[in-house]
Asks: 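Below you'll find the structure I mean.
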Amino acid sequence: MAMISVQNLVKERKYPFIFALAILLVSATIFFLYSNNLQSLTFSLGDLQKSNPTASKPSQNATISPDTTQKVDDANDDTKSDDSNDSNSSNDYENNNTTITNIDNNDHNNLLIVDLKIKWVACKGPVAVDYIPCLDNSQAIKELKSRRHMEHRERHCPQPSPRCLVPLPNGYKVPVPWPKSRDMIWYDNVPHPKLVEYKKDQHWVIKKGDFLVFPGGGTQFKDGVTNYINFIEKTLPSIEWGRHTRVILDVGCGVASFGGYLLDRDVITMSFAPKDEHEAQIQFALERGIPATLSVIGTQKLTFPDNAFDLIHCARCRVHWDADGGKPLMELNRILRPGGFFVWSATPVYRDDDRDRNVWNFCLACYEKRQESNPPLCEQQDEKNAPWYVPLSGCLPRLPVDSMGNLVGWPTQWPDRISSKPPSLTTLSDAEEMFIEDTKHWASLVSDVYLDGPAINWSSVRNIMDMNAGYGGFAAALIDLPYWVMNVVPTHTEDTLPIIFDRGLIGIYHDWCESLNTYPRTYDLLHASFLFRNLTQRCDIIDVAVEMDRILRPGGYILVQDTMEMVNKLNSVLRSMQWSTSLYQGQFLVGNKGFWRPK
């Protein structure tokens, strides 16, 4: 077989053939680069969710910043509607074909640029600005057979999840910083005047000019909340605020002044109340920078573990503890740590109230009847499941024991409690070592990376949520800084929430495939460590991103560590909502929500 070489072709002066061959090689090279390096394709969103892009070595830190609007004037002009919020339950957005481009440019730090072509729309309806999907499902509430046990205040999530963006109140401003926010907030950020008028004689909240002012009053706080707190400890010295008693629950909290002032005593309070029982009271609390959540003692267990709180407080909270055979009282007993206190207070005027006297006598009788094993003790299998959509039980939980059958004692006194071995930690041989290593890991990551590196203005941060909290190591690493952290343990992961409470921290159970029980614009920073890789097997990352946008304040941040596949998917959705995003050290996605809202 004859071999043809380029040298022979030159000698034979077959230049036309050489020229044609060169053109062919150049064309093939261009086609190859276009197909493999640019990877500019068009496909469906479902294909995007299956993609697993590879990456070249990233640079240290780079930012992608879309244009955003930084001020809010008449934000609702184009979103007012007489429709109910049920219209938000449909996927009211436009999603055309998805274009994905992997740009070989270190300035983008390996973040995949994906144009989802989503035309976002604003949520509609009379309460759109304060829309909470699982609590504002008016159609589901209308269909309830009973409201006797507060069923209309419980969760009724729309299906499918709404894909609209919550508009801003007219005149919304960057929140007043902590600690000034404890005493005053912008009225335009929470423009609800009813509570001001309704509680004007009790000094819950007062409107002064552009501000809502919180003087520390309340139904029980005629001499001020500080005197009330001191009176409780004087009456029961063993409470020992901030040492023996660290984690408490305030039932029917009003505007959460009780919990706000206890922060000065190294006490962290989970304040909760139903939505709209007093207009926007939980929204006031969170805007003030005080831990709070929306919840109700109705027909279902609260989303807290057994034996969680050192003390439960109820100041004229009007809970019917004797309802349904005393199930609300037994729920309180479930979440109160053995040896803890239930402080139920009322002003003298209620001493002769027949309704209150009957409830009090019922509570006493409940304890007296225990001599007759009534109510009964719960079966062991009833105590193992996290309380998520679990009906209230008519039994009393058994005393907590470790894996060896020994009774679990009271946690170490604060502040040693934060780093001591949690009483509920398993007694397996390597459990304590894993806990210690986890604590060291988060302490190092927070001090060396989070606080020192990413483009986060920590001075603007107060309310933080850890979306996948584990042992609470992230919150523990921030304990000496002026932040508080709501630790969320997802319902589909290992149940570590008892350990979080043992450490003197607070948290809740939640399924991130659904909307959270909180108002829009209530957190300054959302943190998530390897949450999405398992979550997206159960629901769409777009729905989770919409919820993150809802609960985060304009100007707030997300800080996410996950696989690059998940980071790229989440980044694409955030970019479509006009967020600024950056990738730090090739693994931490930092997002900054602007003031942009769809018109």
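Just so we're clear, the structure is a prediction, and the values are computed from it rather than from any experiment.
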Asks: Are Trp241 and His313 near enough that their ring centres are under 6.0 Å apart?
Replies: no
Asks: Between atom OG1 of Thr269 and atom CG of Leu249, what is the distance when rounded to the nearest 0.5 Å?
Replies: 9.0 Å
Asks: Are Trp186 and Phe211 near enough that their ring centres are under 6.0 Å apart?
Replies: yes
Asks: CZ of Arg148: more than 12 outside heavy atoms within 6.0 angstrom?
Replies: no
Asks: Pairs in or reaching into residues 291-311: which pass ring pair (Phe, Tyr, Trp, His ring centres under 6.0 Å), with residues at least two apart or in two chains?
Replies: Phe304-Phe309, Phe309-Phe501
Asks: For Lys440, does the NZ atom have more than 12 heavy-atom neighbours from other residues, nucleotides or ligands under 6.0 Å away?
Replies: no
Asks: Please tell me whether Trp414 and His244 form a close aromatic pair, meaning their ring centres lie under 6.0 Å apart.
Replies: no
Asks: Centre-to-centre under 6.0 Å for Trp458 and Tyr483, is that the case here?
Replies: yes
Asks: Output all residues satisfying side chain to side chain contact (heavy atoms under 4.5 Å, CB included) with Leu263, sequence neighbours left out; order by chain, then residue number.
Replies: Trp178, Ile268, Arg462
Asks: Can you list everything that forms a side chain to side chain contact (heavy atoms under 4.5 Å, CB included) with Lys145? Sequence neighbours excluded, please.
Replies: none
Asks: Run the side chain to side chain donor-acceptor pair (under 3.5 Å) test against Arg550 and tell me which residues pass, sequence neighbours left out.
Replies: Ser515, Glu547
Asks: Could you tell me which residues satisfy ring-ring contact (aromatic ring centres under 6.0 Å, His included) with Tyr261, sequence neighbours excluded, listed by chain and number?
Replies: none
Asks: Could you work out, with side chain to side chain donor-acceptor pair (under 3.5 Å) as the rule, every residue matching Asn517, not counting sequence neighbours?
Replies: Arg155
Asks: Side chains of Asn457 and Tyr557: any donor to acceptor distance under 3.5 Å?
Replies: no
Asks: List the residues meeting ring-ring contact (aromatic ring centres under 6.0 Å, His included) with Trp512, not counting sequence neighbours, and say none if there are none.
Replies: His510
Asks: Apply side chain to side chain contact (heavy atoms under 4.5 Å, CB included) to Asp511 and list each qualifying residue two or more places apart in sequence or on a separate chain.
Replies: Trp388, Thr491, Cys513, Arg538
Asks: According to side chain to side chain donor-acceptor pair (under 3.5 Å), who are the partners of Ser393, at least two apart in sequence or on a separate chain?
Replies: none
Asks: Kindly write out the residues that satisfy side chain to side chain contact (heavy atoms under 4.5 Å, CB included) with Phe231, not counting sequence neighbours, or none if the list is empty.
Replies: Thr235
Asks: Verify whether one side chain among Arg265 and Thr245 offers a donor that lies under 3.5 Å from an acceptor in the other.
Replies: no
Asks: Is the Tyr450-His527 ring centre distance short of 6.0 angstrom?
Replies: yes
Asks: Quick one: salt bridge (Lys or Arg N to Asp or Glu O under 4.0 Å) partners of Asp188, sequence neighbours excluded?
Replies: Lys173
Asks: Side chains of Val129 and Leu168: does their closest heavy-atom pair fall under 4.5 Å?
Replies: no
Asks: Could you tell me if the side chain of Val251 sits less than 4.5 Å from the side chain of Ile312, heavy atoms only?
Replies: yes
Asks: Return the set of residues passing side chain to side chain donor-acceptor pair (under 3.5 Å) with Asp524 (not counting sequence neighbours), or none when no residue passes.
Replies: Arg553
